[in-house]
> 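Got a structure for you, questions after.
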Protein chains: 2
Amino acid sequence: MSCLEKFRQLLHERGFRLTPQRELILEALHDVQGCITAEALYERVHGIDPGIDLATIYRTLELLANIDFVKCIDTGHKEKLWQFLGTTQPQPHLRCEACGQLIDCRQEELAPLREALRRRYGFEPNLGHLTIPGTCLQCQKAG
Amino acid sequence: MSCLEKFRQLLHERGFRLTPQRELILEALHDVQGCITAEALYERVHGIDPGIDLATIYRTLELLANIDFVKCIDTGHKEKLWQFLGTTQPQPHLRCEACGQLIDCRQEELAPLREALRRRYGFEPNLGHLTIPGTCLQCQKAG
DNA sequence: ATATCTGCAAAGGATTTGCAAGTGG
DNA sequence: CCACTTGCAAATCCTTTGCAGATAT
């Protein structure tokens, strides 16, 4: 099933509707490599349909996040970033505090972390929503 | 050396000044258990010196964060939280996405994580600034 | 003396919301 | 039909900033 079909179905199950705006936003997100801000997404979509409003972007992003079609990444700065997931699982990120770079991380790498937190604190981490701050290799070398 | 003395010294080294407002804010933070919002801190301090301004709270918190006297915790919601450190090291936190609870975590628990990230990505995590989202034990039981 | 600080008030900026008109199913 | 959506504009909300007078050292 295509993303669009799945989207339509999930919306329908919840009594929501598939509008041209939502379809357009889904498509634009699909084309993005990595993450994008709401504003940048707006500009992309606005290039195709100048009638679309920024509020619609925000409302649709929230909708998509609720059904796990996109992941919202808190950068620690003011702007949030949004990443298209489609049917893939969200993954942890490493964020360099020096250069701002986001590095994709594999969940498997963090299996020992999950175990330690479960055992020690009874805490079930949501690794797909985890962003680890630190310093990337390049910035370490740079000073 | 007391916190206040150390504060005075660090300020002096940088050409800054110890004002009654800064002293009061440091004292109020010192008395807080765990974390506090800028607004709540303002109310505490305002109770003692009604002349103090919220802008001074923010400016002082930033100053204190720069010299690692307080840690700024991004909750993922709008408001930041501030935690007094004094001379202790910042520690990681576990944040329950269901109830919002913040749990202190010991850096030692995360030693394997540090190793894994170093080895696999050459990434040096800043564990003192790490906040791990997930579900706490109580909320898991509650459903 | 003088560079740093403060209170005040106003601005900022990403995000959200109220509302009336539009539209998908 | 009619509940859900949209565009528009205004509002939010925490936080930041400009400025002139006050103050630490």
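Note on naming: letters A, B, ... go to the chains in the order of the sequence lines (proteins, then strands), and numbering restarts at 1 for each one. When reading the values below, keep in mind they use all heavy atoms of this one structure, side chains included, and skip hydrogens, waters and symmetry mates.
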> What pair of heavy atoms forms the shortest contact from A/Leu85 to A/Pro90, and how long is it?
CD2-CA, 3.8 Å

> State which of D/dC4, C/dT17, D/dC19 makes the closest approach to the side chain of B/Arg59.
D/dC19

> In whole angstrom, what separates B/Ile52's CD1 from C/dC5's C1'?
11 Å

> If you compare every side-chain N and O of B/Thr56 against the phosphate oxygens of C/dG7 (OP1, OP2), does one of them come in below 4.0 Å?
yes

> Quick one: A/His46 NE2 to D/dT6 P, roughly how many Å, whole number?
15 Å

> Mind calculating the distance between CD (A/Glu13) and C1' (C/dG25) to the nearest angstrom?
16 Å

> For A/Glu124, is there an ion pair with A/Arg114 - N to carboxylate O distance below 4.0 angstrom?
yes

> Does a side-chain N or O of A/Tyr58 approach OP1 or OP2 of C/dT15 to a distance below 4.0 Å, or not?
yes

> Grab the NE2-P distance between B/His12 and C/dC5 for me, whole Å please.
12 Å

> Check the orientation of A/Phe84 and A/His30. Use parallel for under 30°, tilted for 30 to 60°, and perpendicular for over 60°.
tilted

> From C-beta outward on B/Arg17, which listed nucleotide comes closest to its side chain: C/dT4, D/dA9, C/dT23?
C/dT4

> Check whether A/Lys71 reaches the backbone of A/Gly128 with its side chain - one donor and one acceptor, N or O, closer than 3.5 Å.
yes

> Reckon B/Pro20 touches a base, only the sugar-phosphate, or nothing at all at heavy-atom distances under 4.0 Å?
sugar-phosphate

> Write down the distance between CG (B/Leu18) and C1' (C/dC5), rounded to a whole number of angstrom.
12 Å

> Could you tell me if the side chain of B/Leu130 sits less than 4.5 Å from the side chain of B/Pro125, heavy atoms only?
no

> Start at the 5' end of DNA chain C and walk down; is the nucleotide closest to B/Leu11 or to A/Lys80 reached first?
B/Leu11

> Should A/Arg118 and A/Glu115 count as an ion pair when the cut-off is N to O under 4.0 Å?
yes

> Using a cut-off of strictly less than 4.0 Å, decide whether A/Thr19 has a side-chain nitrogen or oxygen near OP1 or OP2 of C/dT23.
no

> Would a hydrophobic clustering, with Ile, Leu, Val, Met, Phe, Trp and Tyr connected at side-chain separations under 4.5 Å, put B/Leu102 with A/Phe123?
no

> Near DNA chain D, counting only heavy atoms under 4.0 Å, which residues of residues 21-44 of chain A show up?
A/Gln21, A/Arg22

> Rounding to an integer number of Å, can you tell me how far B/Leu64 CG sits from C/dC5 P?
12 Å

> If you assign A/Leu54 and B/Glu79 each to the DNA chain D nucleotide with the nearest heavy atom, which residue ends up on the more 5' nucleotide?
A/Leu54

> Rounded to the nearest angstrom, tell me the gap between atom CZ in B/Phe16 and atom P in C/dT6.
11 Å

> In whole angstrom, give the distance that lies between atom CD1 of B/Ile57 and atom P of C/dC5.
16 Å

> Reading DNA chain D from 5' onward, which residue's closest nucleotide shows up sooner: B/Arg8 or B/Lys78?
B/Lys78

